[in-house]
Amino acid sequence: MSEIFAEQTAPTEPEGPLAILKKGLHNRSFVIGAAITLVVIAMALISFFWTPYPFDGIEIANRLKTPNADHWLGTDHFGRDVLSMIMVGARNSIGVAIIAVGIGIGIGVPAGTWAAARGGWIDETLMRVNDFVFAFPALLSAVMITAIFGPGAVNAMIAIGIFNIPVFARVARGAALALWQREFILAARVAGKGPVHITVEHILPNILNLLIVQGTIQFSLGILAEAGLSYLGLGTQPPNPSWGKMLAEAQTMIAIAPHLAIFPGLAIVTAVLGLNLLGDGLRDIFDPRLRRLK
Amino acid sequence: MFVYALRRIAMLVATLAVATVVIFAVMEVLPGDPAALILGVEAREDTLNALREQMGLNRPLHVRYLSWVTGLLTGDLGTSYTYSVPVSDLINERIGVTLPLALIALTLSTLISIPLGVLAAARHNRVADVGIMATTQLGIAIPNFWFALLLVWMFAITLRLVPSGGFPGWDAGLIPCLQALILPAVALALPQASILTRIMRSSLLDTLHDDYVRTARAKGLSQRIALWSHAVPNALIPVLTIMGLQFSFLLTGTIIIENVFFLPGIGRLIFQAITQRDLIVVESLIVVLVAAVIIVNFLVDLAYGVVDPRLRSRG
């Protein structure tokens, strides 16, 4: 049973980026997801150089304006331009999610591949620790961590990142274990290569696809988690705008200014939806067998 | 089955024991002296010391851990610093909001997702399937607290059908309570229902290709009967596991959702306790929630062993 499963998840031959891109253009999820993700990333990058107004430019005379020609998405209760805040908020969301995924990959992948390479009690111990972290409700623990070490974007990254570690460890271990059974790894061992050598030269390039797909999924979960923490006041702190914080502020004014609650929410949904579609598309492209099952 | 259950129980106890150590250790590094917090910044050192002595904060670490765990086992969860009432009383009071909320959300999510998942699988690659799949993509991408805000705006503020927040208490009668819980439950259920629909669909698509379904059709059963009495029951097994997992998402999801709707439940209590540095409440609540999650997962595991004998030998 486990052999069958391993065979199914064992990565196929690695392909060049060009071949993947060519296949990608025929995949609807990939094209739509990549387009949306690029727009969101572009928005975040542009915000470093230009926003329609300064994101913290308070202009009380212009407060709570509905969308108009000057302020495309309206203004908030301090007269700040909502579009500018959303653009800078994209920067925060993406930054937190990227670092959180980085923490997961940086610790989880070495741990998972090490467990697969060594087996025995090391594997057993690492996997039990993994199960244990999984048993903790992630949101609850993230709230606890940010509350203990103080609210802020950096602590939010760490809190979200910690829960990415077991995810990547599990994916890396599962895929690596399957590869360790294959002939070309056996050949490498016969040639005298050690476990570290084999992992870096043969295992990692072959599990890269799976890691990219998982990374995309964790990226979108990270954006949702950052928004949730910021909504509770535990994530990105003012005056830096963040989508979650904007929604928390909008809540008290929803009866008089519903537009304040709509646009930051749409921004979150767009970013998450784009990444999820991108992840689905990438999975189909990398592993056509899964697509048939779908 | 007996050995399987014993091994699972041993794992359960070990996990719970490690959990209490980790939670205790994490709470110990928390900055802030509870005694100083209660007495204020201007308290004299000897008063502070007296209070620390009274609260048992001067005892060695392992003694405090042991007395805390013994307390947990006997149902004595300590006394809240800020409310000055036993934590177990606080939990008893608040669970009456959180548990019904989570259960309504779980029921909603199941009632929506199973029929939708079956419909999508039965109409694989046709309009209904594509439509349902697109909707679930959206459902997963929507943060539940934003969905909650939109629901409040629509049903509480614009249409004035239900209150926008707060909880009247069960003394006020069933209807007002359900009115207060319905929007939060819908908001909690949306992402879970989307995930469950997708899992129901893919699980059913897998079983639809199995031999026994073909046999059922070959012996003359209609498509509908083959689907509902042969394929669906088998496809439900993975769905049950996910439902077990979702219970923990629903419980912790209440931290955010109860804050959106100002519901006096466990989620809001834990959030308030953290901001007020009411350590004993935080500690006990987290243990209770983690224990609930671990025990639910354990029950799902056990149920799995009953349903599928092959799993017992693996452990």
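Letters A, B, ... are given to chains in the order of the sequence lines, protein chains preceding strands, and every chain is numbered from 1.
Contacts of A/L229 with chain B are absent, with no heavy-atom separation under 4.5 Å from either backbone or side chain. Residue B/I140 touches chain A through both its backbone and its side chain, counting heavy-atom pairs closer than 4.5 Å. Both the backbone and the side chain of B/V260 come within less than 4.5 Å of a heavy atom in chain A. If you measure heavy-atom distances from A/I223 to chain B, you find no contacts under 4.5 Å at all. Of the two parts of B/V293, only the side chain, counted from C-beta on, holds a non-hydrogen atom closer than 4.5 Å to a non-hydrogen atom of chain A. Of the two parts of B/A19, the backbone and the side chain both hold a non-hydrogen atom closer than 4.5 Å to a non-hydrogen atom of chain A.
More than 12 heavy-atom neighbours from other residues, nucleotides or ligands sit within 6.0 angstrom of CH2 on B/W68. Dense packing is recorded around CZ of A/R128, with more than 12 heavy atoms of other residues, nucleotides or ligands lying under 6.0 Å away.
The only option from A/L273, A/V272, A/N276 that meets the side chain to side chain contact (heavy atoms under 4.5 Å, CB included) definition with B/L138 turns out to be A/L273.
A/L224 contributes atom CG, which lies 8.5 Å from atom CG of B/N144 (distance to the nearest 0.5 angstrom). To the nearest 0.5 Å, atoms CG (A/L247) and CH2 (B/W146) are separated by 8.0 Å. The CZ atom of B/F145 sits 8.0 Å away from atom CG of A/L232, with the distance rounded to the nearest 0.5 Å. Distance check: B/I142 CD1 to A/I268 CD1 gives 10.5 Å after rounding to the nearest 0.5 Å.
A/L234 is listed as a side-chain neighbour of B/F271, based on a closest heavy-atom distance under 4.5 Å. Here the side chains of A/V269 and B/P143 are in contact, with some heavy-atom distance below 4.5 Å.
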*Any chance you could lay out the side-chain contact (heavy atoms from CB on, under 4.5 Å) test for A/D280 and B/Q137, step after step, and finish with the verdict?*
CA-CA 10 Å; A/D280 281 359; B/Q137 274 284 11; 2.8 Å; yes
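Per-residue counts of heavy-atom pairs under 4.5 Å with chain A were compared for B/L149, B/T15, B/I157; the largest is that of B/L149. Chosen from B/N259, B/V290, B/I286, the residue pairing most often with chain A at heavy-atom distances under 4.5 Å is B/I286.
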